[in-house]
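Worksheet: the structure to be examined is printed underneath.
Every chain is numbered from 1 and lettered A, B, ... according to where its sequence line falls, protein lines coming before strand lines. A quick note: this is a predicted structure, and the numbers were derived from the prediction, not measured.
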Amino acid sequence: MPEEGVVVTWTRLYEPMKGFEDQVPLTLAIIRLTNGVRVLAQIADDQGNLAIGDRVRLTLRKIRAEGEDGPIFYGYKFVKE
Amino acid sequence: VTFLSRVYVAGVGLTQVGDRWESSLSDLAAEVGFKAIEAAGILPEGVVVGNMFSAHSSSQEHLGALVANALGLEGVPALKAEGACASGGVAVSVGYTMVKAGQLSSVLVVGVEKMRDLEPRGASLALAMAESAEYTQFVGATFVSLNALLARLYMEECGVSREDLAAFPVLAHQNALTAPHAQLKRPITVEEVAKAPMISDPLTLLDCSPIGDGAAAALLVGEERVAEARSPVVELAASTIATNRFSIYERDDMLEFTATRRATEKALETAGVGLKDIGLVEVHDAFSVVCALSLEAMGFSKRGMAPKEAAEGRFDRQEGEVPILAFGGLKARGHPTGATGVYQVAECYLQLTGRAGENQVEGVDTAMAHSVGGIDTTAVVHILRRCY
């Protein structure tokens with residue numbers, strides 16, 4: 001899959017699920033990759049200026065951790081270019 | 001020759017949606033089940049239970065037998081039907097099919113959900129189970145956040161404002177003021193919706209249906225049992241289920257609710273009626289944006305127009321051309337997920353038999369109930385018709 005795409009729509013979530021409390025507000029977006037495939041992902045390093053049509057690039061980040069002793073989950077997020 | 005029975009609603013039972021700490025899943029189901037049986041004066045030969053997440057909220061599965069037992073219906077066939085927030089609608093549809101096929105001549109459908117026993121973050125997780133565990137829950141997307149993504153896209157592409165969307169919650173709260181079984185009985189304004197706490201930008205707390213416990217029941221009978229009914233009956237003239245691609249980002253056009261469109265078209269065809277014949281729509285208004293996109297998919301409004309038409313009064317209960325949410329809908333009657341689809345059918349029954357009290361829509365002969373799981377992922381449409 002391509003690592004670049006554009007923001008189709010986005011939101012900042014203030015009432016998260018269990019395990020995501022430390023990331024509030026959590027920025028989420030639907031991204032259209034350069035091959036046309038759409039994915040749902042978090043936007044990392046949101047500076048508060050995200051807009052529809054922004055170009056974003058894939059990055060590997062920590063998604064969440066299950067407590068202090070539990071496993072750490074990694075996955076893809078996107079950052080604004 | 002295959003004989004297909006007509007299907008009728010012979011009695012309903014409702015309880016107020018809200019904080020029902022004193023009642024278990026089984027208590028709530030039995031309360032409304034007995035009410036429906038008593039109203040109809042007919043004992044059911046089978047039970048179908050609609051529920052979304054009792055395993056999560058009450059550590060309880062095996063609901064068919066549990067509810068049948070609570071009602072003292074020894075030996076009857078009983079099962080649970082599930083379709084996320086459409087579970088109640090799916091349960092009615094399963095009951096309809098059993099009666100239609102002539103397998104049973106009377107089926108009790110009970111929708112029940114206990115949500116308030118979950119703390120808020122747990123409720124968020126339970127609701128997110130309607131969406132993909134792998135691709136949605138994993139990245140931390142709650143169900144509200146997915147609807148917020150849809151709302152921003154709708155506003156951007158259709159020139160709809162945040163205030164425009166507020167017309168639906170305002171209408172719902174107005175209609176719930178006089179509804180005995182409603183959870184939220186207070187009027188709200190467009191400004192209050194816009195300024196309420198932000199849950200997931202652009203959706204505020206007042207764009208979202210509340211969390212509550214509730215249960216509703218409907219006793220369905222075939223035509224050979226109608227003469228025994230103690231209360232007036234209403235024909236369940238169509239019951240259809242359709243599905244869309246699972247998550248919104250997989251769809252070619254995210255703003256087109258194809259499951260709702262397909263289920264509506266098929267239901268109208270089965271009942272032999274047109275949109276113009278529908279005098280009341282209990283639409284699945286889980287979120288303001290979902291109410292708008294559903295009315296547009298059904299064909300009542302053109303794309304992007306439903307919120308403005310709502311603000312102009314087109315969907316009002318008294319004077320509107322197409323009354324919706326006569327008892328407050330999901331937003332104000334409440335949305336105890338697996339029970340909601342049965343509440344809608346029971347409310348249509350009350351309207352069509354002239355028993356809706358202060359919430360009566362005048363002159364309604366045909367009503368439509370629309371129940372959705374996920375974001376238009378599963379759509380169930382029922383058409384109910386007055387019998388003369």
Exercise. Just give me the residue among B/A123, B/A141, B/A148, B/P120 that pairs up with chain A most often, heavy atom to heavy atom, under 4.5 Å.
Key: B/A141
Quiz item: B/A151 versus chain A, heavy atoms under 4.5 Å apart: side chain, backbone, both or neither?
Solution: neither
Exercise. Let me know if A/I30 has heavy atoms under 4.5 Å from chain B in its side chain, its backbone, both or neither.
Key: both
Practice problem: Answer with side chain, backbone, both or neither: which region of B/N147 has an atom nearer than 4.5 Å to a non-hydrogen atom of chain A? | Solution: neither
Quiz prompt | Side chain, backbone, both or neither of A/I52 within contact of chain B (heavy atoms, under 4.5 Å) | solution = side chain
Exercise. Considering only NZ, NE, NH1 and NH2 on the basic side and carboxylate oxygens on the acidic side, decide whether B/R245 and B/D252 come within less than 4.0 Å.
Key: yes
Practice problem: Grab the two heavy atoms, one from B/V193 and one from B/T204, that are nearest each other, plus how far apart they are. | Solution: O-OG1, 2.7 Å
Quiz item: If you tally heavy-atom pairs under 4.5 Å against chain B, which of A/Y76, A/Y14, A/F20, A/W10 wins?
Solution: A/W10
Quiz item: chain A: which of B/T142, B/I248, B/L127 shares the most heavy-atom pairs with it under 4.5 Å?
Solution: B/T142
Practice problem: Tell me, please, whether B/Y249 has A/R38 positioned over its six-membered ring: NZ or CZ under 6.0 Å from the ring centre and within 45 degrees of its axis? | Solution: no
Exercise. Apply the test side-chain hydrogen bond (donor to acceptor under 3.5 Å, both in side chains) to residues B/S301 and B/E296: give CA-CA distance (whole Å), side-chain angles for both, the deciding distance (0.1 Å), then the verdict.
Key: CA-CA 5 Å; B/S301 301; B/E296 292 171 13; 5.8 Å; no
Quiz prompt | Under 4.5 Å from a heavy atom of chain B, the part of A/E21 involved | solution = side chain
Exercise. Against chain A, work out which of B/Q137, B/R121, B/E119 has the most heavy-atom pairs shorter than 4.5 Å and name it.
Key: B/R121
Quiz prompt | Best-contacting candidate, B/L146, B/L153, B/V144, B/I199, against chain A by heavy atom pairs under 4.5 angstrom | solution = B/I199
Exercise. Would you indicate whether B/M305, at its atom CE, is surrounded by more than 12 heavy atoms from other residues, nucleotides or ligands within a distance under 6.0 Å?
Key: no
Quiz item: Which bit of B/S132 is near chain A, if near means a heavy-atom gap under 4.5 Å: side chain, backbone, both or neither?
Solution: neither
Practice problem: Validate the cation-pi geometry between B/R116 and B/W21: distance from NZ or CZ to the six-membered ring centre under 6.0 Å, angle to the ring axis within 45°. | Solution: no
Quiz item: Any chance the rings of B/F287 and B/F143 have centres within less than 6.0 Å?
Solution: yes
Quiz prompt | Candidate pair A/E81 and A/R55, rule salt bridge (Lys or Arg N to Asp or Glu O under 4.0 Å), full reasoning | solution = CA-CA 6 Å; A/E81 285 197 304; A/R55 293 172 59 83; 3.5 Å; yes
Exercise. Please report the closest heavy-atom contact between B/L25 and B/S54, naming both atoms and the distance.
Key: CD2-CB, 3.6 Å
Quiz item: Does any heavy atom of chain B fall under 4.5 Å from the side chain of A/V37, the backbone, both, or neither of them?
Solution: neither
Practice problem: Measure distances from A/I63 to the heavy atoms of chain B and classify the residue's part below 4.5 Å as side chain, backbone, both or neither. | Solution: side chain
